J.: 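First the structure, which I've put down as structure tokens, then a few questions once you've had a look.
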Amino acid sequence: MSRAIPRTYWVAGTAVLLALLFAAAATVAAANGGSTAPAPAAPRTPGLHSADAGFARDMAVHHQQAVEMSFIVRDRTQDEAVRTLAYDIANTQANQRGMLLGWLDLWGLPKVVADEPPMSWMGSSAGHGGHAGHGPAKPGALMPGMATKEELEQLGAASGRDAEVLFLQLMTDHHKGGVTMAEGCAQQCGTPVERDLAQGMVDAQRSELTLMADMLKQRGATPRG
């Protein structure tokens, strides 16, 4: 794993880059008799109800539950394969959640909008099979794929193989819902880096869906849906 770059290095590097850019601009201006071309337009900041902002808010919530379930099962089984998968999911989705919330801060947008229904940014596709993968949220769940409070309590009360199977089934549903949302952003979001992250989520979670199906089969079980 690469070491984090100290903030001071980022600041210094940014200052050098800006200096080089200003120097280049001055050189071009001198070559053109002092005239400069119009500066390119600044990137558009996503609006409050844009797909970019809606996906960031909803996926941050979706990811938080995946992290929670992963920590629960870590303490309910000694199976190394399940514990490793849970660690990978928790680590990856916690980092991605930080990126999503960081973008909202960068855009000056709230992390919660009281009058915004979950997945409303997806329009008519939200929860209606408009994207391959998952249907509407089940009663008691905030978004498609998310576990209910009762299911989380069941996971916390289970142990051994029972906890492993329930975790894999719940996380399979969770990933299917996450893929649906990420596909929506990959198609609708206007911020290139966010579209790239969403597509990365689609690819990674589809791979983990295959892995979890195999792990369930090894335990004599199958996905629920």
Side-chain angles (χ1 to χ4, degrees), residues 1-4 54-105 110-112 118-119 133-134 137-183 185 194 197-198 200-225:
M1 181 179 295
S2 59
R3 297 177 60 188
F55 173 75
R57 283 190 288 266
D58 284 351
M59 190 56 84
V61 173
H62 211 266
H63 273 15
Q64 180 59 33
Q65 190 183 74
V67 173
E68 179 183 356
M69 289 195 295
S70 297
F71 280 130
I72 292 174
V73 79
R74 180 195 63 178
D75 298 331
R76 306 307 302 167
T77 180
Q78 296 301 313
D79 184 90
E80 284 304 315
V82 172
R83 288 169 62 90
T84 297
L85 174 64
Y87 173 81
D88 289 344
I89 290 173
N91 189 52
T92 298
Q93 297 207 13
N95 287 335
Q96 291 175 346
R97 183 174 185 271
M99 293 173 64
L100 295 166
L101 295 177
W103 285 333
L104 289 170
D105 284 339
K111 298 177 179 65
V112 177
M119 297 178 67
H134 220 58
K138 57 181 174 282
L142 185 62
M143 284 176 273
M146 291 189 71
T148 64
K149 178 182 178 181
E150 290 73 23
E151 288 171 332
L152 293 177
E153 291 174 349
Q154 290 172 14
L155 180 61
S159 61
R161 177 191 173 279
D162 290 342
E164 296 160 19
V165 168
L166 183 55
F167 170 75
L168 292 168
Q169 290 173 332
L170 291 174
M171 194 59 76
T172 293
D173 291 345
H174 205 274
H175 272 23
K176 289 179 179 178
V179 166
T180 297
M181 294 168 62
E183 285 178 332
C185 178
E194 189 176 18
L197 176 64
M201 291 178 185
V202 171
D203 298 339
Q205 293 193 23
R206 281 180 175 166
S207 177
E208 287 178 346
L209 282 169
T210 300
L211 172 62
M212 289 190 290
D214 290 341
M215 293 174 73
L216 281 168
K217 185 176 181 179
Q218 293 167 7
R219 289 161 177 77
T222 59
R224 298 189 300 179

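Note that the numbering runs from 1 along the sequence shown for the chain. Quick caveat, the model's predicted, so the values are computed rather than measured.
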J.: Can you tell me which residue among Arg219, Arg161, Arg74 is in a salt bridge (Lys or Arg N to Asp or Glu O under 4.0 Å) with Asp79?
T.: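 Only one option passes, and that is Arg219.
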J.: Looking at side-chain heavy atoms only, is the closest gap between Leu168 and Leu85 below 4.5 Å?
T.: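 In contact.
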J.: Going by the ring-ring contact (aromatic ring centres under 6.0 Å, His included) test, which pairs reach into residues 55-98, not counting sequence neighbours?
T.: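 Listed by first then second residue: Phe55-Trp121, His62-His174.
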J.: Which atom pair, heavy atoms only, marks the closest approach of Ala66 to Ile89?
T.: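 Distance-wise, the nearest heavy atoms are CB-CG2, 4.2 Å.
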J.: When you look at Gln205 and Gln93, which way does the side chain to side chain contact (heavy atoms under 4.5 Å, CB included) test go after all the steps?
T.: CA-CA 11 Å; Gln205 293 193 23; Gln93 297 207 13; 3.6 Å; yes
J.: How long is the gap from CD on Gln65 to CG on Leu152, to the nearest 0.5 Å?
T.: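 Atom-to-atom, Gln65:CD and Leu152:CG are 5.0 Å apart.
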J.: Could you check Trp103 against Leu197 for side chain to side chain contact (heavy atoms under 4.5 Å, CB included), going step by step and ending with a plain yes or no?
T.: CA-CA 12 Å; Trp103 285 333; Leu197 176 64; 3.7 Å; yes
J.: Measuring from Met171:CE to Leu155:CG, what's the distance to the nearest 0.5 Å?
T.: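 So the CE of Met171 and the CG of Leu155 are separated by 8.5 Å.
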J.: Which distance, rounded to the nearest 0.5 Å, do you find between the CG of Asp105 and the CG of Leu100?
T.: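 Interatomic distance, Asp105 CG to Leu100 CG, rounded to 0.5 Å: 11.5 Å.
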J.: Kindly compute the distance separating NZ (Lys149) from CG (Leu142), expressed to the nearest 0.5 Å.
T.: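 Going from NZ on Lys149 over to CG on Leu142, the span is 14.5 Å.
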J.: Would a distance-only check, ignoring hydrogens and angles, find a side-chain to backbone donor-acceptor pair under 3.5 Å from Ser207 to Asp203?
T.: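 The answer is no, because no donor-acceptor pair under 3.5 Å joins these two groups.
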J.: Got a second to check how far Met181's CE is from Met59's CE, nearest 0.5 Å?
T.: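 Met181 atom CE to Met59 atom CE measures 4.0 Å (nearest 0.5 Å).
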J.: Mark yes or no for whether Thr77, through its side chain, and Val73, through its backbone, hold a donor-acceptor pair below 3.5 Å.
T.: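 Pair absent, no side-chain N/O of Thr77 close to backbone of Val73.
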J.: Is Met201 close to Cys185 at the side-chain level, that is, under 4.5 Å between some pair of heavy atoms?
T.: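 No, side chains not in contact.
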J.: Which is it for Leu166 and Glu151 under the side chain to side chain contact (heavy atoms under 4.5 Å, CB included) test, yes or no, and what are the steps along the way?
T.: CA-CA 9 Å; Leu166 183 55; Glu151 288 171 332; 5.9 Å; no
J.: Quick one: pull up CE in Met212 and OG1 in Thr172 and give me the separation to the nearest 0.5 Å.
T.: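 Rounded to the nearest 0.5 Å, the CE-OG1 separation comes to 4.0 Å.
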J.: At their closest point, which heavy atom of Met69 faces which heavy atom of Ala147, and how far apart are they?
T.: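 Looking at all heavy atoms of both residues, the shortest contact is SD-CB, 4.1 Å.
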J.: Would you say Gln169's side chain and Thr222's backbone share a donor-acceptor pair under 3.5 angstrom?
T.: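 Checking the backbone N and O of Thr222 against the side chain of Gln169, a donor-acceptor pair under 3.5 Å is found.
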J.: For Pro118 and Met143, which heavy atoms make the closest approach, and how far apart are they?
T.: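 Taking Pro118 first and Met143 second, the nearest heavy atoms are CB-CG, 3.5 Å.
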J.: Taking all atoms of both residues into account, what is the closest heavy-atom pair of Ala94 and Val67, and its distance?
T.: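 Reported closest heavy-atom pair: N-CG2, 3.9 Å.
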J.: Taking the basic N atoms (NZ, or NE/NH1/NH2) and the acidic carboxylate oxygens, is any pair closer than 4.0 Å for Arg76 and Asp162?
T.: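 Salt bridge absent between Arg76 and Asp162.
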